[in-house]
Amino acid sequence: MGLLEDLSQRVSAAFAAEGLAAELGQVRLADRPDLAQFQCNGALAAAKAQGVNPRELATRLAQRLENDPLLARIAVAGPGFINLDVRDAELQSRLRMQLRSALLGAPQTAAGRLAMLDFGGPNVAKPMHVGHLRSSIIGDCLQRLFRANGWRVISDVHLGDWGLQMGQLISEVQIRGLAPVYFDARHEGPYPAVSPVSMDDLEALYPAAAAACKADPARLEAARLATAELQAGRPGYRALWQHFVRVSEEGLTREFSSLGVHFDEWKGESDADPLIGDMIADLKRRGLAVLSEGALVMAVAEPGDKKEIPPLLLLKSDGAVLYGTTDLATILARVSRQDPDLILYIVDQRQHVHFEQVFRAARKADLVRKAQLEHAGFGTMNGPDGKPFKTRAGGVMKLYELIAMAKDEALKRLAEAGLAADYGDDERAEIARKVGIAAIKFADLSNHRTTDYVFDLDRFMRFEGKTGPYLQYAAVRIQSILRKAATAELEEESAHVLDSVEERALMLQLLLLGEAMASAEERRAPNILCDYAFELAQRFSRVYAARHILAEEDHSVRVARLELARLTLAVLTKVLDLLGIEVPARM
RNA sequence: GUCGCCGUAGCUCAGUAGGAUAGAGCACGAGAUUCCUAAUCUCGGGGCCACAGGUUCGAAUCCUGUCGGCGACACCA
């Protein structure tokens with residue numbers, strides 16, 4: 001049980017004993033750390049409801065807590081706040097238990113429930129740019145967090161491989177005459193095993209095709225036709241498409257692994273295709289899918305809607321499917337194969353209405369069983385002008401360019417600090433990689449998930465202050481201390497109770513890991529973990545500056561501080577791991 | 001037009017199941033290293049929480065309106 005939870009239970013019991021609602025006993029961190037460690041505001045609400053004096057009520061409640069062995073101090077303050085401090089010895093013994101437990105205080109919220117996380121969502125033929133950072137990094141953080149909290153997790157990259165852009169590419173290849181055999185209707189037998197296009201080709205073809213379709217309605221029509229024919233199963237198109245997908249996957253795998261982002265499944269929109277025929281027939285039979293303006297749609301409006309929710313389009317008038325169709329069929333596939341408790345989509349906030357449509361359709365058609373469907377949207381990454389981020393040259397910055405820049409910056413920093421010389425090239429490069437990635441991830445994750453934010457290159461290249469490298473640096477310093485400490489002392493337990501303000505502040509923060517993880521999961525909010533980690537590193541740095549560890553002469557004090565250092569390292573490393581950040585041995 | 005999100009320090013952002021003196025990082029100013037990595041630490045200035053009403057003992061937080069920004073609104077994803 002987490003410390004806040006424990007305190008809340010105790011205070012709740014006091015409320016109950018006064019005949020009041022136990023929920024009012026919720027304890028939280030004090031707003032005024034100078035006055036107390038924790039506080040409960042429930043007496044104010046209770047007094048209001050009962051029409052009694054809040055201070056008197058708070059005083060009665062406080063009296064009931066006076067003999068609690070966990071508490072060092074109970075005080076009534078202000079209009080009726082109940083302020084609480086925990087005994088130092090209690091803090092320390094709880095910390096010891098936390099260090100011994102493999103979970104380090106991770107809350108087991110899930111009890112083995114299964115969550116499927118859908119994120120990444122890169123498109124075939126489109127290289128990943130900085131805009132793909134958010135989905136990948138947030139999704140990866142959430143899958144790490146959910147696993148740590150006891151969920152079974154299946155993550156799926158859900159490749160964009162079945163929509164109009166495939167038709168755009170196919171028709172572009174046809175017009176350029178790059179691979180005529182795939183367009184020869186009389187061709188029989190197998191198609192070439194080697195792709196006619198490379199990743200570089202695709203990167204050039206796609207923007208050209210998209211631009212052409214935008215400018216010329218006839219080109220767009222050709223792309224639509226090609227899309228429909230691909231989906232209908234035209235062999236040459238399928239073969240060509242297969243090459244696009246394979247070539248793209250190679251590039252994408254490289255990008256994701258350089259970010260340290262892992263997926264359990266590499267499925268895509270197209271994997272839902274085999275289910276679509278039966279699904280649509282079934283929806284028609286049940287009268288859920290009807291023709292409207294030549295398209296097959298499913299109404300999803302509900303009586304209480306403030307806003308008109310348009311029907312979900314299942315089939316266009318030319319018979320092609322849309323991403324709503326594949327999303328719906330994908331739910332069907334996931335539910336029938338894995339029967340998850342939760343399907344969580346980490347996708348751009350702008351697609352919120354789309355998911356509302358799909359989720360409603362899925363529930364209406366009774367496809368979900370026990371699965372909760374949820375869209376965890378994220379805000380757009382904008383440039384300084386408030387519009388989606390572009391490089392100075394006007395193009396979109398590629399992800400690998402951003403990573404390379406961060407690494408170079410980290411290398412430069414190492415050189416400036418004079419640390420580069422004695423490390424060896426490999427280690428130096430590895431440190432620069434970890435530091436650069438940390439800077440990028442932390443800068444992104446520390447923003448609140450749902451709000452748009454301004455992409456500031458300098459911020460991603462910064463290593464001081466509230467940054468990923470600051471956290472790594474704190475961990476590295478601890479590692480360095482532990483390496484230098486006598487091994488025998490690392491095994492010992494000290495009877496000394498640490499009681500300096502800096503150490504107490506650090507211990508309190510360490511004990512709140514579980515609360516931070518639970519809260520981050522509940523709100524699907526990595527920035528909560530970022531704030532927790534930064535606060536933790538900062539409190540350690542204060543201890544580091546104020547309380548020398550290795551030079552401490554009193555053996556039992558030294559050992560107690562070493563224990564605290566070990567626990568800090570364990571917790572910090574854990575949170576960084578949840579954020580997808582690795583800690584180098586030194587930096 | 002309808003609906004949704006947002007407006008907090010010079011900049012970038014936290015903080016909303018109502019609570020005490022609204023926070024952080026950067027930038028700016030002043031300090032700290034005979035000692036565990038100065039990618040650090042300490043101190044300081046800096047705010048009509050867009051604006052106007054309302055509810056409340058109490059509002060950045062809840063309600064209404066105004067202004068401003070962004071986004072979504074059926075055959076793209």
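Reminder, nothing fancy here: chain letters follow the sequence lines and each chain counts from 1.
Between the side chains of A:Glu492 and A:His555, a donor-acceptor pair is found at a separation under 3.5 Å. Judged purely by distance below 3.5 Å, without hydrogens or angles, the side chains of A:Ser270 and A:Asp161 pair a donor atom with an acceptor atom. Checked by atom type, the side-chain pair A:Gln165/A:Asn123 shows a donor-acceptor distance below 3.5 Å. Checking A:Thr380 against A:Asn382 by side-chain atom types alone, no donor-acceptor pair falls below 3.5 Å.
Ring geometry for A:Tyr345 versus A:Phe359: interplanar angle of 30 to 60°, hence tilted.
Residue contacts shown for A:Tyr544 include a base, since a base heavy atom lies under 4.0 Å away. At a threshold of 4.0 angstrom between heavy atoms, the contacts of A:Ala295 include nucleobase atoms, whether or not backbone atoms are also involved. Residue contacts for A:Arg558: at a heavy-atom cut-off of 4.0 Å it reaches no nucleic acid atom on any strand shown. Here A:Gln39 lies in heavy-atom contact (under 4.0 Å) with a base. Residue contacts for A:Thr450: at a heavy-atom cut-off of 4.0 Å it reaches no nucleic acid atom on any strand shown. Across all strands, A:Asp452 comes closer than 4.0 Å only to sugar-phosphate atoms, never to a base (heavy-atom distances). Within 4.0 Å of A:His448, counting heavy atoms only, lie sugar-phosphate atoms of the nucleic acid but no base atom. Here A:Tyr470 lies in heavy-atom contact (under 4.0 Å) with sugar-phosphate atoms only. At a threshold of 4.0 angstrom between heavy atoms, the contacts of A:Arg586 include nucleobase atoms, whether or not backbone atoms are also involved. Heavy atoms of A:Ser317 sit under 4.0 angstrom from at least one base atom. Base engagement by A:Glu293 is indicated by at least one non-hydrogen atom pair under 4.0 Å involving a base atom. Contacts of A:Ala77 with the nucleic acid, taken as non-hydrogen atoms under 4.0 Å apart, include base atoms. Using a 4.0 Å heavy-atom distance criterion, A:Asn83 is classed as a base contact. Among the protein residues, A:Asp348 comes within range of no part of the nucleic acid, since none of its heavy atoms lies under 4.0 Å from any strand.
Proximity of A:Leu312 to A:Leu328: side-chain heavy atoms (C-beta onward) are separated by under 4.5 Å at one or more points.
Comparing B:G1 with B:G47, their C1' atoms sit 37 Å apart, to the nearest whole Å. When the C1' atom is used for both B:C35 and B:A30, the distance is 25 Å, rounded to whole Å. B:G4 and B:G10 are spaced 32 Å apart, taking the P atom of each and rounding to whole Å. One P atom belongs to B:C63, the other to B:U16, and the distance between them is 15 Å to the nearest Å. Rounded to whole Å, the C1' atom of B:C67 lies 7 Å from the corresponding atom of B:C51.
Counting to the nearest Å, the C1' atom of B:G71 and the CD atom of A:Gln351 are 12 Å from each other. Atom pair A:Phe378:CZ and B:G71:C1' shows a separation of 14 Å (rounding to whole Å applied). Taking atom CG of residue A:Leu471 and atom C1' of nucleotide B:A24, one finds them 13 Å apart after rounding to whole Å. We find that CZ of A:Arg55 is positioned 19 Å from P of B:G58, with the value rounded to whole Å. One atom, CG of A:Leu414, and another, C1' of B:U37, lie 12 Å apart when rounded to the nearest Å. In this structure, CG of A:Leu296 is placed 12 Å from C1' of B:A74, rounded to the nearest angstrom. The distance from atom CG of A:Leu529 to atom P of B:G15 is 13 Å, rounded to the nearest whole Å. Across the protein-nucleic acid pair, A:Gln357 atom CD and B:C3 atom C1' stand 13 Å apart, rounded to whole Å.
Each of B:G19, B:A77, B:U37 was ranked by its minimum atom distance to the side chain of A:Arg477; first place goes to B:U37. Of all nucleotides listed (B:A24, B:G19, B:A74), B:A24 comes nearest to the side chain of A:Lys466. Distances from the side chain of A:Leu550 to the nucleotides B:C36, B:A39, B:U16 place B:C36 closest. Side-chain proximity of A:Leu44 to B:G19, B:C36, B:C41: nearest is B:G19. If you check B:A14, B:G19, B:A39 against the side chain of A:Thr451, the one that comes closest is B:A14. Relative to the side chain of A:Arg542, the nucleotides B:C76, B:U42, B:A72 differ in distance, and B:U42 lies closest. Picking from B:C36, B:A72, B:A39 the nucleotide with the shortest atom distance to the side chain of A:Pro469 gives B:A39. The side chain of A:Leu313 approaches B:A74 more closely than any other nucleotide in the set B:A77, B:A39, B:A74. Proximity note for A:Arg462 (side chain, C-beta onward) versus B:G19, B:C26, B:A77: the nearest is B:C26.
Listed pair A:Arg539 / B:C41 fails the phosphate criterion, with no side-chain N or O lying under 4.0 Å from OP1 or OP2. Of the side-chain N and O atoms in A:Asn527, one or more sit less than 4.0 angstrom from OP1 or OP2 of B:G15.
In this model, no side-chain donor or acceptor of A:Lys48 finds a partner on the base of B:G19 within 3.5 Å. Counting atom types as modelled, A:Ser446 pairs no side-chain N or O with a base atom of B:A14 as donor and acceptor under 3.5 Å. In this model, no side-chain donor or acceptor of A:Tyr473 finds a partner on the base of B:A39 within 3.5 Å.
Minimum heavy-atom separation, A:Gln39 to A:Asn41: NE2-OD1, 2.8 Å.
The aromatic ring of A:Phe534 does not stack onto the base of B:A24, failing the criterion of a centre distance under 5.5 Å from the six-membered base ring together with planes under 30° apart.
A cation-pi arrangement is present between A:Arg586 and A:Tyr423, with the terminal nitrogen or guanidinium carbon under 6.0 Å from the aromatic centre and inside a 45° cone about the axis.
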**OP:** For ring-ring contact (aromatic ring centres under 6.0 Å, His included), just list the numbers for A:Tyr470 and A:Phe463, CA-CA rounded to whole Å, side-chain angles, deciding distance to a tenth of an Å, and then say yes or no.
**Re:** CA-CA 6 Å; A:Tyr470 173 87; A:Phe463 304 142; over 10 Å; no
Subject >> Steps toward ring-ring contact (aromatic ring centres under 6.0 Å, His included) verdict (A:His158, A:Phe119) >> reply: CA-CA 7 Å; A:His158 202 66; A:Phe119 63 95; over 10 Å; no
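Less than 6.0 angstrom separates the ring centroid of A:Phe455 from the ring centroid of A:Phe460. Between A:Tyr323 and A:His354, a ring centre-to-centre spacing shorter than 6.0 Å is recorded.
Base pairing in RNA chain B gives the following stems of 3 or more Watson-Crick or G-U pairs, range against range and under 3.5 Å: B:1-7 with B:67-73, B:10-13 with B:23-26, B:28-32 with B:40-44, B:50-54 with B:62-66.
Comparing A:Glu464 and A:Ser292 along RNA chain B, the residue whose closest nucleotide (by nearest heavy atom) sits nearer the 5' end is A:Glu464. Residues A:Asp34 and A:Arg547 both approach RNA chain B. Their nearest nucleotides, taken by heavy-atom distance, put A:Asp34 toward the 5′ side.
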